[in-house]
> 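Below is the structure I would like to discuss, written out as structure tokens.
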Amino acid sequence: MHNAENRSCDLHSIPLGTELHLQLREGSELFCRRGQLQIISPQQACSGGMPELAVALSPGQGWRAGADLRIRIRALSQATAKLELWQAPMPQGHTASEERTRPQGWTLAGWLRSLRRGPRAA
């Protein structure tokens with residue numbers, strides 16, 4: 001599923017008590033390699049005064065961004081959590097400065113649909 005020609009992989013360690021802030025492009029994927037992680041949606045992305053949305057990932061579980069957005073990730077277990085990030089390629093014809101100014105919208109249904117269970121595809 002992952003193609004080295006159009007995606008880059010980053011590995012992150014997240015100690016308990018710290019947060020990792022990420023800017024993701026639509027289609028980017030996160031995989032929990034060790035520990036338990038919590039992915040938290042930005043509060044401004046929720047409408048109507050809804051609280052932040054969060055989803056927990058255990059080792060082997062993944063999540064895919066259904067839109068361009070910013071998220072926070074934190075470790076939920078005592079061990080340092082390990083995260084694998086496969087960033088989606090930048091759309092052709094877009095520059096890095098244009099990417100930073102794109103709307104960061106998404107829907108609740110897209111957030112929930114993006115939760116992926118089970119082992120990741122190779």
Side-chain angles (χ1 to χ4, degrees):
M1 179 167 188
H2 301 296
N3 184 343
E5 295 176 16
N6 63 8
R7 289 184 179 235
S8 62
C9 179
D10 295 317
L11 300 176
H12 298 277
S13 294
I14 307 169
L16 186 64
T18 63
E19 287 189 348
L20 176 64
H21 297 256
L22 294 174
Q23 173 77 36
L24 301 179
R25 289 187 291 272
E26 180 179 357
S28 297
E29 298 175 295
L30 302 173
F31 294 98
C32 181
R33 295 180 82 182
R34 184 173 68 183
Q36 189 173 25
L37 299 169
Q38 183 178 42
I39 301 171
I40 306 160
S41 72
Q43 194 168 12
Q44 67 271 17
C46 298
S47 62
M50 290 175 52
E52 294 178 324
L53 295 175
V55 64
L57 297 181
S58 296
Q61 291 182 318
W63 177 84
R64 181 184 302 223
D68 293 350
L69 69 149
R70 291 185 178 120
I71 59 171
R72 297 185 338 252
I73 302 170
R74 65 178 165 206
L76 295 177
S77 59
Q78 294 296 326
T80 297
K82 297 279 186 182
L83 169 71
E84 183 178 317
L85 166 62
W86 289 87
Q87 187 71 268
M90 189 176 303
Q92 290 186 347
H94 285 76
T95 64
S97 62
E98 289 173 337
E99 238 355 76
R100 286 189 292 273
T101 60
R102 287 180 67 186
Q104 304 301 312
W106 58 278
T107 64
L108 176 59
W111 172 263
L112 296 174
R113 189 173 47 250
S114 63
L115 178 60
R116 301 180 65 183
R117 297 275 181 197
R120 67 180 173 95

> Check side chain to side chain donor-acceptor pair (under 3.5 Å) between Ser77 and all other residues, then give those that pass, not counting sequence neighbours.
none
> Taking Arg34 for the side chain and Lys82 for the main chain, is one N or O donor matched with an acceptor at less than 3.5 Å?
no
> Got a second to check how far Cys9's SG is from Leu85's CG, nearest 0.5 Å?
7.5 Å
> Can you name the nearest heavy-atom pair linking Gln87 to Gln23, along with the distance?
NE2-O, 3.3 Å
> Of all heavy-atom pairs between Leu16 and Ala75, which one has the smallest distance, and what is that distance?
CD1-O, 3.5 Å
> For Pro59 versus Gly35, what's the shortest heavy-atom pair and its separation?
CD-O, 3.0 Å
> Should Leu76 and Leu22 be regarded as members of a common hydrophobic cluster, given that ILVMFWY residues are connected when their side-chain heavy atoms come within less than 4.5 Å of each other, either directly or indirectly?
no
> When Leu37 is tested against each of Leu20, Leu30, Ile73 for side-chain contact (heavy atoms from CB on, under 4.5 Å), which residue passes?
Ile73
> I'd like to know if the side chain of Gln61 pairs up with that of Trp63 as donor and acceptor (distance under 3.5 Å, no hydrogens or angles considered).
no
> Roughly how far, to the nearest 0.5 Å, is CD of Glu84 from SG of Cys32?
10.5 Å
> I'd like to know whether Leu11 forms a side chain to side chain contact (heavy atoms under 4.5 Å, CB included) with Arg33, so could you lay out the CA-CA distance, the side-chain angles of the two residues, the decisive distance to 0.1 Å, and finally the verdict.
CA-CA 9 Å; Leu11 300 176; Arg33 295 180 82 182; 2.9 Å; yes
> When you measure from the side chain of Ser28 to the backbone of Ala88, do you find a donor-acceptor pair of N or O atoms at a distance under 3.5 Å?
yes
> Closest heavy-atom contact between Gly62 and Leu57?
O-CD2, 3.8 Å
> Please give me the minimum heavy-atom distance between Arg74 and Gln38, naming the atom from each residue.
NE-OE1, 2.7 Å
> Of the non-hydrogen atoms in Arg25 and Ala65, which two are nearest, and what is the gap between them?
O-CB, 3.9 Å
> Sequence neighbours excluded, which residues qualify as side-chain contact (heavy atoms from CB on, under 4.5 Å) partners of Pro15?
Thr18, Thr80
